[in-house]
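Order of the sequence lines sets the chain letters (A, B, ...), proteins ahead of strands, with each chain counted from 1. Just so it is clear, the structure is predicted and the values come from calculations on it, not from any experiment.
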There are 2 protein chains.
Amino acid sequence: MAIGISDLSLPFTPMVVIELVSNTKEEAIQWLVKKIRDKKEQGGADLKVTAVSRGQELLDKSSPNLLLVGASKKRLLLGAEETGLVKECKDGSMRAFTCSNRGSFKMLTEDGCLFSIAECQYIIKHALDGLRARQEAMVPGYPLIRLYPGKSVLQRLEAQGLLTQVFPLHNKDDLKKLAEFWYGKLKPTYQPLDDIRHYFGEEIAMYFAFLQYFTLALFPKALVGLLYYLCAWEDYDKYVIFATLNLVWSTVFLEVWKRYSATLAYKWGTISRQQEFEEPRPAFHGVLGRNPVTGRTEPVYSNVQRSLKIYLVSMPFVVFSLYVSLCIMMVYFEMEFWMQSYSSRRPSPWSGLLLYMPGIVYATIIEIMNRINRFAAEVLTEWENHVLESTYQNHFIVKVLVFNFLNCFSSLFYIAFVMQDLKLLRQSLATLLITTQIVSQVIEAFLPYWLQTRNRQRIHKKRRDLPAYRRAPWLEQVELERSMLAYKGTFDDYQELFLLFGYVSFFSCVFPLAAFFAVLNNVTEMYTDAFKMCKDFKRPFLEPAANIGVWQLAFETMSVVALITNCALIGMSPPVRLAFRDAEADLILLVVAVEHALLALKFVLCLIIPDIPREIQTKLAKMEFEKLQALKQQRLQQARESLELNGG
Amino acid sequence: MAIGISDLSLPFTPMVVIELVSNTKEEAIQWLVKKIRDKKEQGGADLKVTAVSRGQELLDKSSPNLLLVGASKKRLLLGAEETGLVKECKDGSMRAFTCSNRGSFKMLTEDGCLFSIAECQYIIKHALDGLRARQEAMVPGYPLIRLYPGKSVLQRLEAQGLLTQVFPLHNKDDLKKLAEFWYGKLKPTYQPLDDIRHYFGEEIAMYFAFLQYFTLALFPKALVGLLYYLCAWEDYDKYVIFATLNLVWSTVFLEVWKRYSATLAYKWGTISRQQEFEEPRPAFHGVLGRNPVTGRTEPVYSNVQRSLKIYLVSMPFVVFSLYVSLCIMMVYFEMEFWMQSYSSRRPSPWSGLLLYMPGIVYATIIEIMNRINRFAAEVLTEWENHVLESTYQNHFIVKVLVFNFLNCFSSLFYIAFVMQDLKLLRQSLATLLITTQIVSQVIEAFLPYWLQTRNRQRIHKKRRDLPAYRRAPWLEQVELERSMLAYKGTFDDYQELFLLFGYVSFFSCVFPLAAFFAVLNNVTEMYTDAFKMCKDFKRPFLEPAANIGVWQLAFETMSVVALITNCALIGMSPPVRLAFRDAEADLILLVVAVEHALLALKFVLCLIIPDIPREIQTKLAKMEFEKLQALKQQRLQQARESLELNGG
């Protein structure tokens, strides 16, 4: 379990760092250290902890207080059982870890480690989060930071601004090895999923699994698209076939993914993992009351008030944003027309390029507006004051997606179905697709890398002026990672794929090369995402994930919309129109009938294709059966004892 | 816990009867009695049992062997914990029953009973089902009826035709009281749900709750429909409003029902009840192999073979049946035309009635074909040899519903959308609705009652010729109930409501009185259903049910179809057509756009309306939280002990 920064000057290998603001009072730090170190019976977390003494080792008085946290092997075993980690047994099955059966689990390394470092850090995080106030009425030294029995201490400190962050440390050796496999070699689309999961946890590994799956699934589509392009089959005649392909592809794509992700989730032990009881979010505030579920004294907040906020402020705001984005779209079309008439009036070598200008400007504005709205959605959802992180996430994601969806696709829908100009549609799609890709890659990976490099240089420079005893390498690492950007979760990454999925499946029959560009984008995305995970960000804590959550629903909604647009595009295609020259109404009725039949078929397919492969179902059922049997046995035992005692 | 048939001649109150064929060998009966009576440690069920000795008490040699089964109070307590019954506590919360906490549960009666008779019978049934072979290689006296360790004994006997039935006994006093409340008084639409649940169990109570809810929900619609009829607003002008009403009604109806049924399920303790592990169906057969889930030696059957049966035989058969029903429909239309031309050629006082004849004949044929197909579906699904009862049920229900749906509605769809004859549509709807109701009520309630009455008279007559000692009243009851029809589950009852829902929501804007007739039907249905449950059938075993299962999906599919038909009917209505006189294509596009928007709205509504009311959610979360806390505590304890023992 050697983490990079083992140093003789430290009594244990630190895994997690707690950062407190620089002017935290000494007594509060001492109190926190004692709480973390105390045995469980005394209300502590039973972890190892050391405070980095400031005068001696850290640079200056303005730098923060750092607590390094580790755990004994025994504590880790206990914690693994508490958190309900599911691990692989020697017989290949996945079971919830228990200390009493610890001999039956597979070792990860030869020296007898059962848990990866990410798991150890997760256990420590869980233990820290479980640190609750007992009799203390306030944080020592801060009479205003009140506590009440059962309140999470770290949450309180964070909400009050004393605690800046808690983050796990990178492990340089492991990271280097992972990076080599991941983006060091040129193996397009291959992702070392198990290694990613080992280092970053299931949620991030699940994202990369999806990215890889999505890219592979795009390959056949891209090939067909390329064929269309090369053979110049672009005269709209052939695209009925391509649209039909699209229909089948988007349905099958999502169904197969569900099965694949279930297989992964089984292999990673997250599918059968018992859900933890969800605690209120740290940022949640309210007047003190009794939580009706846990019975604990906790802040409570009226549901009516929250609903009012949602329906009277957030919803109107989203509608208003949509209106603004539609206005911008209309301005874009004005510009487009003006530019076209200008270039036709004064043809020049530049006019061809000028024609693309409005599209590029519009795509850039869309990208910027997406980000602005993302920020607004964050502020609004924060203000709605949701109790649970999961509801917060759902409300946030819905806001952002509704907006971004319209922002990105409204112009395309307008061109396709109002203007019915398929040539312009193709041109806009190409511009949007390519510009969005370039802009987002720059913002997402290279900007943070540049910031991170500057930061690293600054720290190196500072350290050079220090006396030798202050230059312990572990201290450098802690300080460097402390100032790295925090990884904000997989939201942005999924969203990019989500929009790309839309570009590829809505109209790609008009622009068959879309899938080809999407593949290109995804391959670069893999490298930049892998690069940014390894180089740009602090290590994130492991998050267990059994699927891609609400994104499955989002992608499925997309595929339903795609079915509708593709049917409509087929109906609008010149050859079909020609065949129904004098019977427009009949054509529309036919298209609608086909569309409804396909929707029904899609629905039936979703129902009859099992979400979990049979093999995994059997394994899960087996575990469930064993659990029920054990429970039954135990119940029977207890019931008998109780009946014997009380004489029935 | 007095059940009607306590008699001094019996050592205990029997609750469940096991019937074996008359020529069962004595040694097999003795073996079964011993197994039922044996302690659990010896592989028995630990129940009380007595065989009705034949020579002395029963009529003749050809009558079957009867075993009367009961249980001690202690056994019932133990069984309640084993089966995971959820009961109401003194503090009003619902918790899984445990013997050790039995003091905290509410008593049902003053003399300290915790369980209703239905629950006791359920516990006994569960214990009997759990009776498994140990070392026995065969049933004594029947070397061909092989057994293997773990095989359910009763299932084996049933599959081999030795065991005819296992049924719980009615309780005359309770039944009389229930009947009085239920259908004795004239309180339309009021159903004593808790009493029904108490006597018949949750599944049947849930059906009556749905019936009651459906009827109440139809009331406003019926009133509006009546208003339309009385004011003679039937000139198709006003029906845009009525169709819109239909749309809203069918969506809200199902959403509110989900919430209501969750409330009921909480109150009845089924919502939080842990699912039992599902055993293979008794009728399932195959070659002996190892069950991959339980590891038991069991018959196994290849999935490939089953899939082949489903896709190569069952599906073609259903398609063929659909084809036949379409042919019959076309014949009906031929008859209809012929009759119309005949009556217009020779007008007479009878011709008006004659016009309705084809409709009546067709409705009767539909009703008969529905029943034939139901039988075919049963045979086919049986032949598909499903392992679990639940998959069997799903395959069966889908077959029957697909067929019945087309059978009942194809003619109406044809009239509405192909012939576009709204007057004929109304006439057919009225004929179908009324004929179906009359036919089904007769088949469902009065036919069985007539059979049952005849049967009762026969037994009375026979008994009169017997010597007095043979006329113990309990024996008469057992013999009477033995020959009653078995209640085959709620399928037929739900199906009737399902079709009615279709009639009411698909086209009722053309025939506003439909809802009124539906209310009439439902009110009589309540009485006949209550009557048949109390008078016609053997008492069924309690079935726990937390919702209406697959019917929710069926009704929701219906409501989606209703949305589409209503949109189409609005688009076809004369005033709308008049407004879009020269732009048929625009009209169709508008209708389709509105329809899609409504479908999307429906989908969003389904997503955001929580299926379980907040209050119940909180209660459930509280229970879940307590369970998790207890589990955590227990785990921690175990983990520590194990670590201490092995020295970490």
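The residue among B/E626, B/E584, B/K619, B/R614 with the most heavy atom pairs within less than 4.5 Å of chain A is B/R614. When each of B/T98, B/V591, B/N303, B/D586 is scored by its heavy-atom pairs under 4.5 Å with chain A, the top score falls to B/N303.
Contacts of A/N291 with chain B are absent, with no heavy-atom separation under 4.5 Å from either backbone or side chain. Residue B/N101: no heavy atom, backbone or side chain, is found under 4.5 Å from chain A. For B/L607, the part lying near chain A is the side chain, with the backbone staying farther off; criterion is any non-hydrogen pair under 4.5 Å. Residue A/L620: no heavy atom, backbone or side chain, is found under 4.5 Å from chain B. No part of A/L587 comes within reach of chain B, as not one of its non-hydrogen atoms sits under 4.5 angstrom from that chain. Both the backbone and the side chain of B/T618 come within contact range of chain A, with heavy atoms under 4.5 Å apart.
Note that the CG atom of B/N394 and the CD1 atom of A/I608 stand 13.0 Å from one another [nearest 0.5 Å].
Interface with chain B: from residues 593-606 of chain A, residues A/E595, A/H596, A/F603 qualify, criterion being any non-hydrogen pair under 4.5 Å.
Applying the 6.0 Å contact sphere to CD of A/Q42 captures more than 12 heavy atoms from other residues, nucleotides or ligands.
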